[in-house]
Structures are given as C-alpha cells and as structure tokens.
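Chain letters run A, B, ... following the sequence lines, proteins first, then strands; residues in each count from 1.
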Number of protein chains: 2
Amino acid sequence: MSAGEQRGRKPRADVQRNRAALLETAQRHFLQHGVGTSLEAVAKEAGVGPGTLYRHFPTREALLAAVLQTRSEELVARQADIEQLDDPAEALEQWLRAMEEYFSAFSGLPDPLMAAARAQEPDNPLTIPCDILISATDQYVRAAQLAGCVRASVRGNDLFLAACSVAWIKGAGTDEESLARLRTLIASGYRERDTQA
Amino acid sequence: MSAGEQRGRKPRADVQRNRAALLETAQRHFLQHGVGTSLEAVAKEAGVGPGTLYRHFPTREALLAAVLQTRSEELVARQADIEQLDDPAEALEQWLRAMEEYFSAFSGLPDPLMAAARAQEPDNPLTIPCDILISATDQYVRAAQLAGCVRASVRGNDLFLAACSVAWIKGAGTDEESLARLRTLIASGYRERDTQA
DNA sequence: ATCAAAACGGATGCTGCCTCCGTACGCATT
DNA sequence: AATGCGTACGGAGGCAGCATCCGTTTTGAT
C-alpha cells in the first residue's frame with residue numbers, strides 16, 4: 001500500500017533507531033541548552049559518532065526542523081480542533097499565544113526561524129514548518145476579519161512576525177510585565193477600532 | 001585642569017594608539033561581518049596581538065559597547081536638537097525610526113542589546129547605551145502623551161522593545177513591505193484612537 | 001643613561017564544526 | 001547456515017575561533 005516505499009531493499013533497522021535516538025536526544029539538548037547546543041555532544045549522548053549525525057541531518061537547521069515538524073503539526077491540529085468555533089477574535093488571540101509559546105520552546109529558536117521564514121533559501125528545512133504556521137495564522141486572521149474584529153490591512157504574515165518578535169524578546173529574559181504591555185500594544189494595533197461596540 | 005586625570009603617571013602613548021586602532025578596526029568588521037565577527041581577525045588587522053585586544057576589551061560586549069557609546073550619544077544629541085519642537089507625535093515617530101536604524105547598524109546587534117537591556121547583569125557594558133536610549137525614548141513618549149497623541153498606558157520601554165524587534169526582523173532579511181506593515185501595526189498600537197480628530 | 005612599571009603579543013590549550021574513509025553491520029540470497 | 005554486497009557507522013583529523021598566560025619590549029620617569 002502506502003505509496004512507493006521500499007524500492008529494491010528494506011530499510012535497515014539501525015538507521016531508524018539512530019534517527020529516533022538522535023531526535024530524542026536533540027530535543028532534550030535544545031530544551032536544556034538552546035538551539036546553539038553542541039552537536040557533538042548530542043551525537044555522543046545519542047550513542048553515535050558525529051558522522052552519523054551529519055549524515056542524517058546535514059545542518060543544524062535540518063535537525064531543528066525535524067524536531068520541530070512534529071510539534072508544529074500537532075500545534076496546528078490541536079488548535080484547529082479546539083478553537084475555530086466561537087469568537088474568531090478570541091481564537092486568533094489564543095492562536096497567537098500558542099505560537100508564541102511554540103517559538104519559546106528552545107532558547108534562541110526565533111533567530112533561525114525568522115531566517116527561514118524570510119530568506120529565499122528554499123533549501124532551508126525550517127521553511128516548511130514556518131510556512132505551515134504562517135498560513136494557519138492567515139486562516140485565523142481572515143476569520144476574524146470577516147467578523148469585523150481585525151483590520152482589513154492586516155496579514156497573517158504580520159502577526160506571525162509579531163508573535164516571533166515577542167518570543168524573541170521573551171527569550172532575552174524580559175520581565176513578564178513589559179511583555180504583557182507589548183502584547184497589548186500589538187493587539188491594539190491589529191484590532192478594528194470599533195471592536196468594543 | 002580637567003578633573004582628576006593622570007594620578008601618578010602619564011598614560012602611555014601606545015595604549016591610546018592601540019585602543020583607537022582597535023575601535024576603528026572593530027567598527028569596520030562589525031559593519032562588514034556583524035557582531036559575531038572574529039575578534040582574532042580584528043586584533044590582527046589592527047596590528048596587535050589577541051592579548052592586547054582582550055586587555056582593552058575583556059569581552060565582545062565591552063568592545064561592542066565602546067564602539068556604540070559614541071554613536072548612541074551622538075544619536076541622542078542630534079535628535080534632541082532637530083526634533084523636540086513642532087509636533088511631538090512626529091518627533092516620536094522619527095525617533096523610533098532613528099533607533100531602528102541604529103539597531104540595524106551591525107547585523108546581529110539586536111540580540112546582545114536586548115540581553116543587556118533586560119538582564120540584571122549590571123556589569124554588562126551594553127547596559128549603559130541601552131539605558132540612555134530607553135530614557136530618551138521615554139522623553140519623546142511623555143511629550144507625545146501630553147499632547148494627547150499617545151495612549152497613557154504606553155511606556156518608553158515598550159517602544160524601545162518594539163523598535164528593537166523591528167530592527168531584529170529587518171536583520172533577518174525581511175522584505176521592506178512586511179516591515180512597513182509591521183511598523184504601521186505598532187503605530188496603530190500606541191497612538192491614541194481619536195488622534196485623527 | 002638607567003630603572004621599574006605597564007603593556008605587548010604570540011604561543012598555547014581548549015571547544016566545537018564538519019569531512020573523509022576504512023570498517024562493521026544488516027539484509028538478501030543460496 | 002553461510003556468503004556476499006551495499007549501506008551505514010564512527011572516530012580520527014583538519015580547521016577556526018576563543019581566551020589566557022608569561023617572557024619580552026616599550027615607555028615614561030628619574
């Protein structure tokens with residue numbers, strides 16, 4: 001069934017084991033030491049040599065993307081279930097917070113994410129998760145616009161950038177109060193003026 | 001005359017020469033390669049050994065701060081002269097743009113700046129230029145608030161963060177259009193609603 | 001001219017990145 | 001069960017950058 005898999009040979013067992021071990025270990029290290037963590041250390045702790053790590057994930061971004069992809073798909077799915085009904089303005093707000101938390105998962109994550117979201121390097125593996133999130137944001141924005149809660153000029157992309165910024169600032173150790181004020185400021189920026197009515 | 005300088009001995013000539021050469025070279029390298037540029041390379045091109053560089057500037061931040069301090073003071077001075085009169089809303093806007101450009105001077109600059117602005121590491125040399133800019137921003141904000149153009153809840157610190165964010169996003173290679181929309185969004189966020197009247 | 005303090009600078013050790021290639025493993029075949 | 005082939009492994013090694021330490025040189029003072 002499932003599409004044209006295994007052409008010729010059956011994939012080796014150790015490949016999948018190593019890949020899984022690497023992903024698991026990498027996630028732990030990213031959590032503990034941020035996206036800049038030593039890849040050598042990851043390899044060692046996963047019980048493989050550096051060569052193996054680089055064969056599976058040629059760049060740091062590739063590894064990061066692999067770790068994130070699962071998460072981002074889950075995020076989209078979960079949110080789509082829970083929200084989307086009810087008040088679209090509330091849904092958008094919750095979505096933005098969810099993205100912000102997602103971006104804050106690993107210290108230093110916003111930087112490579114932004115680089116991937118913007119740069120026209122289609123070979124950057126992080127571009128995919130980014131695009132998923134941007135279009136998801138756009139969905140929420142459009143829904144809220146139809147309900148008249150959000151200005152027509154706003155794009156999903158804009159709020160993606162804003163959420164990324166907030167996450168970035170958060171990562172720098174800013175106190176929660178300043179953060180809250182910044183979120184308010186942004187919300188005032190995208191909301192339609194006569195929302196209150 | 002001039003305050004209590006040279007106590008005991010006259011400062012050596014080579015010290016000042018080296019310091020000047022280092023600052024000059026460092027600025028060039030920061031401009032060309034971003035704040036992450038190789039300090040070894042800077043030292044070599046300045047014609048001194050690594051040891052000398054580290055003696056003058058114990059950390060990368062110290063060097064960066066030294067390069068920036070001059071600039072930031074100039075920025076404040078220049079702006080204070082030109083603006084401050086006329087329309088305070090316009091003045092604030094211009095000031096924010098000026099800060100944004102300042103933050104974009106070197107690629108990667110926003111990161112260490114934010115780290116310094118927030119963290120309670122009073123020993124971080126970048127804290128000083130940051131504080132200068134934050135309080136300057138607060139001046140502009142207050143003036144605009146008195147004129148009723150800016151919401152009462154906004155603090156200079158908030159807009160400092162916002163400007164820093166925009167600069168950060170800009171540094172990631174975002175297209176000018178998205179950037180412009182983000183600025184508009186932020187402006188809509190801090191402006192008083194009945195400004196137009 | 002001489003001295004002592006201060007500054008220099010490069011050799012040094014360390015960490016992390018990434019590649020290359022001889023080796024070992026695992027799957028298929030007999 | 002044994003053989004063979006191709007894939008994947010892994011660690012040694014070259015490279016770059018950081019930061020320090022200490023023997024040597026420069027500099028200003030006497």
Side-chain angles (χ1 to χ4, degrees), chain A residues 5-26 28-30 32-67 106-108 111-112 115 123-125, chain B residues 5-26 28-30 32-67 106-108 111-112 115 123-125:
Chain A
E5 288 180 339
Q6 60 174 62
R7 58 178 177 191
R9 215 163 175 117
K10 194 163 107 189
R12 282 174 55 159
D14 48 354
V15 170
Q16 292 214 341
R17 256 192 306 113
N18 284 331
R19 184 185 162 87
L22 280 170
L23 283 176
E24 199 275 332
T25 310
R28 248 195 357 268
H29 279 238
F30 283 147
Q32 288 178 11
H33 312 294
V35 297
T37 193
S38 159
L39 296 187
E40 282 196 335
V42 171
K44 190 186 295 185
E45 194 174 311
V48 305
T52 299
L53 189 155
Y54 284 102
R55 197 172 323 101
H56 280 275
F57 308 102
T59 68
R60 183 180 296 272
E61 280 72 34
L63 178 56
L64 198 50
V67 171
F106 313 136
S107 132
D111 294 83
D123 53 342
N124 187 325
Chain B
E5 287 178 342
Q6 59 175 62
R7 60 178 175 191
R9 215 164 176 116
K10 193 164 106 191
R12 283 173 57 155
D14 48 355
V15 170
Q16 292 214 342
R17 255 191 305 113
N18 285 331
R19 184 184 162 87
L22 281 169
L23 284 176
E24 200 275 333
T25 310
R28 246 192 3 263
H29 279 238
F30 283 146
Q32 288 178 12
H33 311 294
V35 296
T37 194
S38 160
L39 297 187
E40 281 197 333
V42 170
K44 189 185 299 183
E45 195 175 311
V48 305
T52 299
L53 189 155
Y54 285 102
R55 195 171 325 101
H56 280 274
F57 308 103
T59 68
R60 182 181 297 273
E61 280 72 35
L63 178 55
L64 199 49
V67 170
F106 313 137
S107 134
D111 294 83
D123 52 344
N124 186 326

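Across B:His56 and B:Asn18, no two heavy atoms sit closer than the pair NE2-CB, 4.1 Å. Scanning all heavy atoms of the two residues, the minimum distance from A:Gly108 to A:Val35 falls at O-CG2, 3.3 Å. Here the closest non-hydrogen pair linking A:Arg60 and A:Thr37 is NH1-O, 2.7 Å. Across all their heavy atoms, A:Ala43 and A:Leu22 have their closest contact at CA-CD2, 4.4 Å. Listed here is the closest heavy atom pair of A:Ala62 and A:Pro125: CA-CG, 3.5 Å.
The CZ-P distance, from A:Arg9 to C:dG26, rounds to 13 Å in whole Å.
Within the 4.0 Å cut-off from OP1 or OP2 of D:dG10, at least one side-chain nitrogen or oxygen of A:Thr52 is found.
Within residues 13-26 of chain B, the residues that have a heavy atom under 4.0 Å from DNA chain C are, in order of number, B:Asp14, B:Val15, B:Asn18. A heavy atom closer than 4.0 Å to some atom of DNA chain C occurs in B:Arg55, B:His56, these being the qualifying members of residues 53-62 of chain B. Using a 4.0 Å cut-off on heavy atoms, the residues of residues 35-48 of chain B that approach DNA chain D are B:Thr37, B:Ser38, B:Leu39, B:Glu40, listed by number.
Separating the OG1 atom in B:Thr25 from the CZ atom in B:Phe30 is a distance of 11.0 Å, to the nearest 0.5 Å.
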For B:Leu53 and B:Glu40, run side chain to side chain contact (heavy atoms under 4.5 Å, CB included): C-alpha distance rounded to whole Å, both residues' side-chain angles, the deciding distance at 0.1 Å, then the answer.
CA-CA 9 Å; B:Leu53 189 155; B:Glu40 281 197 333; over 6 Å; no

Set out, in order, the CA-CA distance, both residues' side-chain angles and the distance that settles side chain to side chain contact (heavy atoms under 4.5 Å, CB included) for A:Leu39 and A:His29, then state yes or no.
CA-CA 9 Å; A:Leu39 296 187; A:His29 279 238; over 6 Å; no

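Residues A:Leu64 and A:Phe106 form a side-chain contact, since some pair of their non-hydrogen atoms from C-beta on lies under 4.5 Å apart.
Judged by distance alone with a 3.5 Å cut-off, a donor-acceptor contact links the side chain of B:Arg12 to the base of C:dA6.
A:Glu24 has a carboxylate O that lies under 4.0 Å from a charged side-chain N of A:Arg28, or vice versa, which qualifies the two as a salt bridge.
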